[in-house]
Amino acid sequence: MIDNIQKISDQAVAGISAATDERSLEDARVAFLGKKGTLAGASAGIKDVPNEDKPAFGAALNQARTAINAALDAKTLELQNLADQKSVAGIDLTLPARELAAGGLHPLTIVKDRAIQILRRMGFALADGPEIETEYHCFDALNTPDDHPARNEKDTFYFDGGKLLRTHTSSVQIRTMENSTPPVRIIAPGSAYRRDDVDATHLPVFNQLEGLYVDTDVKLGDLKGTLEYFLQAMFGDNTEVRFRPHFFPFTEPSFEIDVKLTIAGQEPKWIEVAGCGMVDPAVFSSIATQRGDDAFDPENVTGYAFGMGLDRLAMIQYGIKDIRALIENDTRFLSQFA
Ligand code: PHE
């Protein structure tokens with residue numbers, strides 16, 4: 001009897017070690033250790049064993065069970081190791097990982113944030129307005145008559161129902177004056193839209209930063225000093241700034257501002273960066289009429305306004321020659337600023 005158990009144990013251990021996968025291993029386990037397995041069959045024979053031999057018989061059974069379980073555990077581990085090895089076959093685990101490029105701020109964002117930071121230090125608060133505007137806020141309230149070329153259908157994106165994509169951030173001047181009383185000192189960065197053909201210096205979507213200061217005694221010298229200070233804070237103390245007389249319907253007098261750009265090995269160039277001027281009294285009158293009070297009565301207040309091209313500022317700051325680089329999302333270009 002005991003010999004028989006030893007034989008079963010040897011058979012089981014051999015069968016288990018011959019298993020080649022989980023499936024055949026499980027079959028072996030059931031065959032030897034299962035309820036109807038060989039070992040269970042043998043142990044039922046205990047009733048025929050003489051009493052004095054029962055302890056030895058029981059011990060042999062236990063030994064067999066232990067041996068079979070040990071064989072099962074060993075084989076399970078072996079099969080698992082084999083599977084692990086197979087799953088990483090051909091992979092060099094010592095190879096360094098591919099580096100993930102870290103993101104960074106877009107050059108336009110960097111320049112915009114810096115401009116805002118400088119102007120906020122100078123007392124300007126942030127203001128905002130919609131990009132889908134009424135003709136009133138974009139043109140009429142800014143003293144821009146119906147026959148002005150800026151209102152040409154070919155120059156602007158119109159929606160049905162008279163709305164349009166704002167052609168400049170100057171509409172925020174109007175929205176601000178509708179909702180506050182002087183003194184007003186705001187800046188409004190944001191997108192503007194024009195039906196321009198795309199080239200190295202034009203995009204149909206571009207970015208501006210509007211400024212407006214209205215108080216009882218604002219003078220042209222304040223405008224000039226503020227913008228000179230700002231541009232030198234942006235581009236360096238020695239930056240040369242030039243004001244050229246110009247025309248805008250909503251400012252009088254009006255100017256365009258140029259910054260002298262010096263790139264090593266090149267002739268210095270004047271680059272236009274902004275339009276500006278003293279708020280035209282006609283704009284104040286129109287606001288006064290609209291509001292029905294005298295908060296912005298041109299008899300009481302004066303002001304200046306400016307609108308800078310943020311894309312231009314970025315191009316100057318970083319020496320970017322083609323404005324399209326700002327919207328192409330080419331990481332080879334963008335990663336230089338991260
Ligand atoms: N809105 C003008 C433009 O887009 C710029 C400007 C703003 C001029 C404010 C004067 C005052 O060209």
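Start at 1 and go down the list; that is how both ligands and their atoms are numbered.
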* Check ion pair R242-E228 (N to O, under 4.0 angstrom) -> no

* Is a salt bridge present between R332 and D330, judged by a nitrogen-to-oxygen distance below 4.0 Å? -> yes

* Asked: Would one find an N or O of H168, backbone or side chain, under 3.5 Å from an N or O of ligand 1?
  -> yes

* To do: Just need the protein heavy atom nearest to atom 3 (C) of ligand 1, so name the residue and atom and give the distance.
  => R194 NH2, 3.7 Å

* Under-4.0 Å salt bridge between R324 and D322 -> yes

* Asked: Pick one: which of Q173, Q290, H137 meets side chain to side chain donor-acceptor pair (under 3.5 Å) with E178?
  -> H137

* Asked: Under 4.0 Å from any heavy atom of Q173, which atoms of ligand 1 are there?
  -> 9 (C)

* Asked: Considering distance alone, does some N or O of Q208 sit under 3.5 Å from an N or O of ligand 1?
  -> yes

* Polar proximity ligand 1 side, S170 side, N/O cut 3.5 Å exclusive -> yes

* Can you list the ligand 1 atoms lying under 4.0 Å from a non-hydrogen atom of C276? -> 8 (C), 10 (C), 11 (C)

* Out of curiosity, is S254 lining ligand 1, as in a heavy atom under 4.0 Å away? -> no

* **Identity and distance of the protein heavy atom lying nearest atom 6 (C) of ligand 1** => G275 O, 3.7 Å

* Near F250, which atoms of ligand 1 are under 4.0 Å from a heavy atom of that residue? -> 1 (N), 2 (C), 6 (C), 7 (C), 8 (C), 9 (C), 10 (C), 11 (C)

* Smallest separation among heavy atoms of H168 and L142, with atom names -> NE2-CD1, 3.6 Å

* Electrostatic pair E78-K75, nearest N-O below 4.0 angstrom -> yes

* At the 4.0 Å heavy-atom cut-off, does Y304 count as touching ligand 1? -> no

* **Atoms in ligand 1 with a heavy atom of A305 nearer than 4.0 Å** => 9 (C), 11 (C)

* Asked: Short list, please: which atoms of ligand 1 are under 4.0 Å from a heavy atom of G307?
  -> 6 (C), 7 (C), 9 (C)

* **NZ/NE/NH1/NH2 to OD/OE distance under 4.0 Å, R151 and E135** => yes

* Asked: Among L165, I132, V205, which residue meets the side chain to side chain contact (heavy atoms under 4.5 Å, CB included) test with F157?
  -> L165

